[in-house]
Amino acid sequence: MSGFAFSERPLDLAAEHGRLADPACGGYASFEGWVRDFNDGRPVQRLEYEAYVELAVKEGERIVAEAIARFGVSHARCVHRVGDLALGELAVWVGVSAPHRGEAFAACRYIIDEVKHRVPIWKKEHYVDGDSGWVNCERCAAVTLDAAPGVAASAGHDPGHAHAHHHDAADAHAHADTPTTRPDRHPAGLRRPDYSRQVVLPEVGEAGQARIRRGRVLVIGAGGLGVPVLTYLAGAGVGALGVVDGDVLEPSNLHRQTLYRLEDAGRPKALLAAERLRALNPEVDVRAYVERADRERLPALAAGYDVLVDCSDNFTTRFVVNDVAVALGKPAVLASVYQYEGQLQVLKPGGACLRCVWPDAARDGVVGNCAEAGVLGPVPGVLGSLQALEVLKLLLGLTTPAEDAVILVDLATLESRRLRAHRAAGCAGACVRLPRAGGAETAVLEIDVDPLEAAASGEYVVVDLREPHEVLVEPLPGPHLHIPLDRLLDDPAQLDAGRRYLLVCARGQRSRAAAETLRGAGIAAAYSMRGGLSALRAR
Amino acid sequence: MTTVHVQYYAVLREQAGRSEERVETGAATPAALYEELRARHGLRLARAQLRVAVDGEFADWQAPLADGARVVFIPPVAGG
């Protein structure tokens, strides 16, 4: 059975279904794309599909083979119609059978998405008003219009229709020029990704490149560390890249996050990154997740990937990534930076994890982040590049000294140091149980209260945790104590366990860490003012 | 007295005002050594927030400290 075929006649679905039947398979998933009655606001009457069959079949077969290898399904096939199709007719069909439903669904989705992007099929729409036009699919439109604006017009098609449009999976593809001048999505062969510079390495070769292509990597954080990780992995031809980041771009990010532009400020970084990476390498399947990687969400996201890369800027997320990697038995590459220094750690299942090194989970606010402590752009650039390198080593099966160790890099002195770490006894179990950052606890730890009102009500003693230089610049109004964080954590007993405290800092990170620590030290009613003084200013 | 080589990282380096030094000490453990240096340099991080490595390996705070040991104090860092 061939994996991909064209049909000039309506499909015999029962026969197609029968080809995939297998007593070893417990699941069958299929997708049907139908001809829709409108496109880009114009009512459509019928469609005409054309394909450059020789090339299209090769590419289609390649996609189906990739899906079988990547998801481990038993059988898969895709059939696309060519010729005249009426409204509601089946235009494309994908069927997959597998031992379990999960792989069947995933492979089915993969095949239709890839076919839409990669297989040279052209679509002519006939509109209700008698007009007609060849239309582009989103990605091809961008390439065509950029690369060869003259081609569409010279081929006699109405360039007015050669624009990007949103379509569902049914209305597959179209290109604005003729089949013979438009081989595939790499026009004129000039823009095909070329991995020759890495394939020539003895450690890579064609086999290694195939391993890289099969790799599915989830990157948590698209900032100073995430940008080099994503850029290098997309360039290397990693098969699938997921980008998780809930933040929007701020101009203060740009000195270290080189994938973005000033004009992008205010847009979600995950979407921006995905857009740039697709342009960098259209072969990579890039998925953007505009959300925070928390304990509830990350396990579901991580399930579809082989390697996790922590590029976050806070301990809470870093420990979540660690715990999810340990719980799911997936390798992870962690890094973090502080001013001119960085730390790098590669987790492999069964090896030392972040909690083996830091058994008392570090808390945000105790030591500075980039905003508070400052950083030069190339510092996360170097650490992120090291992370990208470690991911490639993992995919290629190369050994690394960053495993069961923490690599300390001091970029002020250009010295690095490897500190061996051992897996803590019973770590794997402990890591899964250890998390303390549950939702309920978070809810009662942080409160939205104005410190002036809190003090006036007599309900709380307000404590300003900031450093003296910060207080000078922006004094806290109203009655309060001033105890810088370090001094408070040194001696929590200076507070009265019988009173309620509202802890305040600049952005709410230090106060949250302090509230957590104080609770552990017996000050049960220690609360953090959510968002700190910057939240107060925003109100 | 033993002589050890001490290195500081991240916020500790800032607080100590140096990245490394040779120290003559009567301390028998990394814990005692840290408390001694904490008083001398006004280090503000509590021991519970740090890890110590001795001779290239993460070590227990109560492990014996040998003459000539290379001791590294490391706070966790979060930036990205």
Side-chain angles (χ1 to χ4, degrees), chain A residues 221 223-226 310-318 335-343 352 354 356-375 379-380 383-384 405-406 408 410 412-413 415 417-422 484-487 489-490 509 517, chain B residues 4-22 29-66 68-80:
Chain A
L225 294 165
D310 173 56
C311 299
S312 69
D313 61 356
N314 62 84
F315 290 117
T316 307
T317 306
R318 181 150 296 135
S336 54
V337 296
Y338 180 83
Q339 297 189 337
Y340 300 92
E341 296 170 32
Q343 299 182 2
L354 194 63
C356 298
V357 177
W358 304 104
D360 298 316
R363 285 155 193 196
D364 287 307
V366 174
V367 296
N369 59 28
C370 288
E372 287 155 4
V375 69
V379 174
L383 269 294
V406 173
L408 300 179
D410 182 346
T413 60
E415 282 176 326
R417 179 166 291 278
R418 173 178 188 264
L419 301 174
R420 281 192 302 279
H422 296 290
L485 178 70
D486 292 330
R487 278 205 283 133
L489 296 188
D490 248 5
Q509 285 212 318
T517 307
Chain B
V4 295
H5 180 267
V6 177
Q7 266 191 302
Y8 303 96
Y9 274 88
V11 70
L12 275 181
R13 179 174 45 81
E14 286 181 285
Q15 294 176 2
R18 69 202 70 207
S19 58
E20 56 189 318
E21 63 179 335
R22 290 178 74 80
T29 63
L33 176 65
Y34 183 74
E35 294 307 329
E36 187 182 313
L37 295 169
R38 192 181 184 195
R40 186 183 304 169
H41 297 308
L43 307 178
R44 279 168 292 162
L45 287 186
R47 228 179 340 113
Q49 295 160 8
L50 309 178
R51 284 304 305 273
V52 64
V54 177
D55 295 332
E57 192 146 351
F58 284 100
D60 194 284
W61 285 105
Q62 303 304 334
L65 199 59
R70 297 182 68 87
V71 182
V72 186
F73 295 115
I74 315 128
V77 304

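Reminder, nothing fancy here: chain letters follow the sequence lines and each chain counts from 1. Since the model is a prediction, treat every value here as computed from it, not as a measurement. Only heavy atoms go into these numbers, but all of them, side chains included; no hydrogens, no water, no symmetry mates.
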Checklist entry - Can you tell me if OH on B:Tyr34 sees more than 12 non-hydrogen neighbours from other groups inside 6.0 Å? => result yes

Item to check | Greater than 12 external heavy atoms within 6.0 Å of B:Arg22's CZ | outcome: no

Checklist outcome for this item: Bottom line for B:Arg70: the part with an atom under 4.5 Å from chain A's heavy atoms is side chain

Item to check | Heavy-atom contact with chain B under 4.5 Å, split by part of A:Val357 | outcome: both

Item to check | Pick from B:Gln7, B:Arg51, B:Arg13 with the largest number of heavy-atom pairs that fall under 4.5 Å of chain A | outcome: B:Arg51

Next on the checklist: Tell me whether B:Glu57 contacts the main-chain N or O of A:His422 through its side chain, where contact means a donor paired with an acceptor under 3.5 Å.
Outcome noted: no

Next on the checklist: If we define contacts as heavy-atom pairs under 4.5 Å, which of A:Arg417, A:Glu341, A:Gln343 has the most with chain B?
Outcome noted: A:Glu341

Checklist entry - So do A:Leu419 and B:Ile74 actually touch side chain to side chain, heavy atoms under 4.5 Å? => result yes

Item to check | Aromatic plane relationship, B:Tyr8 with B:His41 - under 30° parallel, 30 to 60° tilted, over 60° perpendicular | outcome: perpendicular

Item to check | Interface moiety of A:Arg418 toward chain B, non-hydrogen atoms closer than 4.5 Å | outcome: backbone

Next on the checklist: Taking side chain as everything from C-beta outward and backbone as N, CA, C, O, which of these in B:Leu50 sits under 4.5 Å from a heavy atom of chain A? Side chain, backbone, both or neither.
Outcome noted: backbone

